[in-house]
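Note that the structure is predicted; figures quoted are calculated from it, not measured. For ligands, and for the atoms within them, numbers begin at 1 and follow the listed sequence.
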Amino acid sequence: MGVPLYNFAELHNDQLKKDVLKRFENILSKNAYIEGEYNQSFEKRFAEKQGAKYCLMVANGTDALEIALQAYDIGPGKKVGVANISFYASAECVINRGAEIVFVDVDPDTGLICPKSLERTIKQHKLDAIIPVHIYGMPAPIEELEKICKPHNIKIVEDGAQAQGGRLENGKPIGSSDNLTTFSFYPTKNLGGMGDGGAILTNSDELATKITSIRNHGRSPNGHALVGRNSRCDSFQAAVLDLKLDNIDQLSKQRTEVAGKYNEILSSSKAKLMPKRYLNLSSWHMFPILAKDKDEQLALCKHLNENNIGATASFYPKSLPEELPIKDFPGEKENAVQFASRCICLPMNPFLKDADIQEVAQQINSFYL
Ligand SMILES: *Cc1c(COP(=O)(O)O)cnc(C)c1O
């Protein structure tokens, strides 16, 4: 049998394919390949769904981070605090802006940025911005971070690449805060295109205008207002994403149901689960559990893979401060190194059946016997 990590066969079913092709034909008939009607529709609907005033589509989630930093004037000479557990892009964007990384450590139980570590870090480093990550779909403690950052005028870019469908601790959708929030529409994300795509959400008129300009070579109504880049989102991706918005809430609901069943069936197992309070907040992009240590992580992962369970050690085998090209930047990292060496991500997608969940649980329990 076995249980896969993703399930594109069900996600991209025959009906969806038919609907996508109809939209592609519409684009071809109009020769409107860039920033067309589907972009406009998606930007309006996605902003509404996430509780933001504006959604600006860009070419991918990494560009979204870089452009958000540029919108906040982060460049050479500036320092950005980066949450230690994330995909490499959350740190890479700082370097590509010509700024410097300062690592901020995470909560050892969740991998989410730790406000205490941030407080210690800003005593030693003059930060200009931070990048908290809603890792695996769980919300970073944004209100706490805002309280710490505001007196120091530190800007916040929330990396929400994994968090579409998730909610902040105040119960509002991720993307609804007054910070810039970035999303990725890479195909495996909760809301994925059929190629690359990304977006930045903001409530600010001024930042929305600036981001609109940056993504299109710094263009303004009177020529070029700044040095930007090309990070437009093409009409084909927008057509797919706009279509997928129709049932994304249903798929999110199914993810939460799967997570609830995992929580119940694994509550008596030796693996440590994420705190219960995230059950109805997380987007459940991944279902992470924690092994006792690195040896147990590798052994459990191997056991699951040998039984065709699509689990991955940590999803990110290293914390960001351990990645070679950026390992010399300063900051705290102890909890992140430990978290990355213990975390295992179980198969998670909206189409897992009760039998799949039981099979995964059975294999975990047989490992600990
Ligand atoms: C996927 C991802 C990104 C990058 O998005 P791309 O669209 O692949 O460029 C950034 N941050 C996190 C946390 C991600 O998961």
Side-chain angles (χ1 to χ4, degrees), residues 5-6 42 46 50 55-70 74 80-97 101 103-104 106-107 110-113 129-140 142 156-166 168 174-175 179-201 211 214-215 229-234 236-238 240-241 244 255 282-288 312 314-321 323 326 336 339-340 343 345 348-349:
L5 182 56
Y6 302 115
F42 179 84
F46 194 64
Q50 304 304 130
C55 164
L56 294 317
M57 297 187 95
V58 294
N60 55 67
T62 306
D63 277 10
L65 286 165
E66 246 181 86
I67 292 171
L69 290 177
Q70 184 175 354
I74 302 298
V80 181
V82 176
N84 280 339
I85 294 290
S86 189
F87 178 55
Y88 191 59
S90 310
E92 197 180 30
C93 61
V94 176
I95 306 299
N96 282 332
R97 282 299 307 148
I101 297 168
F103 291 114
V104 182
V106 297
D107 180 319
T110 61
L112 290 165
I113 191 168
I130 59 166
I131 304 180
V133 182
H134 300 302
I135 193 72
Y136 305 126
M138 292 178 290
I142 293 303
I156 301 176
V157 175
E158 299 176 36
D159 184 342
Q162 306 184 357
Q164 198 289 320
L168 296 168
I174 284 177
N179 308 308
L180 291 177
T181 302
T182 64
F183 286 90
S184 162
F185 304 126
Y186 185 79
T188 59
K189 307 289 177 175
N190 288 29
L191 175 59
M194 293 177 172
D196 278 312
I200 305 169
L201 298 193
I211 291 163
I214 294 171
R215 75 175 172 185
R229 61 202 292 166
N230 171 7
S231 187
R232 295 175 303 238
C233 184
D234 68 74
F236 289 113
Q237 291 315 320
V240 171
L241 291 165
K244 282 191 173 185
R255 280 180 190 270
S282 179
S283 72
W284 295 108
H285 176 59
M286 291 283 151
F287 191 89
T312 61
S314 165
F315 213 62
Y316 312 112
K318 289 177 180 173
S319 67
L320 291 176
E323 293 284 3
I326 54 176
F339 184 90
C343 183
C345 290
M348 174 44 97
N349 64 67

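Within the listing of ligand 1, atoms 5 (O), 6 (P), 7 (O), 9 (O) sit less than 4.0 angstrom from a heavy atom of Gly61. Proximity to Ser184 (heavy-atom distance under 4.0 Å) selects the following atoms of ligand 1: 1 (C), 5 (O), 6 (P), 7 (O). Proximity to Ser86 (heavy-atom distance under 4.0 Å) selects the following atoms of ligand 1: 13 (C). Residue-ligand proximity, Ser90 to ligand 1, at heavy-atom distances under 4.0 Å covers atoms 11 (N). Near Ala161, the atoms of ligand 1 lying under 4.0 angstrom from a non-hydrogen atom of the residue are 2 (C), 3 (C), 10 (C), 11 (N), 12 (C), 13 (C), 14 (C), 15 (O). Atom numbering of ligand 1 starts at 1 in the shown order; those under 4.0 Å from a heavy atom of Gln162 are 13 (C), 15 (O).
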Show your working on side-chain hydrogen bond (donor to acceptor under 3.5 Å, both in side chains) between Glu158 and Asn179 and close with a plain yes or no.
-> CA-CA 7 Å; Glu158 299 176 36; Asn179 308 308; 2.8 Å; yes
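Leu112 CG to His134 NE2: the interatomic distance, rounded to the nearest 0.5 Å, is 9.0 Å. Rounding to the nearest 0.5 angstrom, the gap separating the CD1 atom in Ile214 from the CD1 atom in Ile67 is 6.5 Å. For the atom pair Asn60 CG and Gln237 CD, the distance stands at 11.0 Å (nearest 0.5 Å). In this structure, CD1 on Ile85 lies 7.0 Å from CG on Leu320, to the nearest 0.5 angstrom. Asn96 contributes atom CG, which lies 11.0 Å from atom CG of Leu65 (distance to the nearest 0.5 angstrom).
More than 12 heavy atoms of other shown residues, nucleotides or ligands fall within 6.0 angstrom of atom CZ in Phe236.
Protein heavy atom in closest approach to atom 4 (C) of ligand 1: Thr62 OG1, 3.6 Å. Nearest protein heavy-atom contact of atom 2 (C) of ligand 1 is Lys189 NZ, 2.7 Å. With hydrogens left out, the protein atom closest to atom 3 (C) of ligand 1 is Phe87 CD2, 3.5 Å, a heavy atom.
For ligand 1, the polar-atom distance check against Tyr186 finds no nitrogen or oxygen pair separated by under 3.5 Å. For a threshold of 3.5 Å applied to N or O pairs, the pair formed by Leu65 and ligand 1 contains no separation below that value.
Between Phe87 and Tyr186, the ring center distance fails the sub-6.0 Å criterion.
Residue-level proximity to ligand 1 for Asp159 is carried by the side chain, the only part with a heavy atom below 4.0 angstrom.
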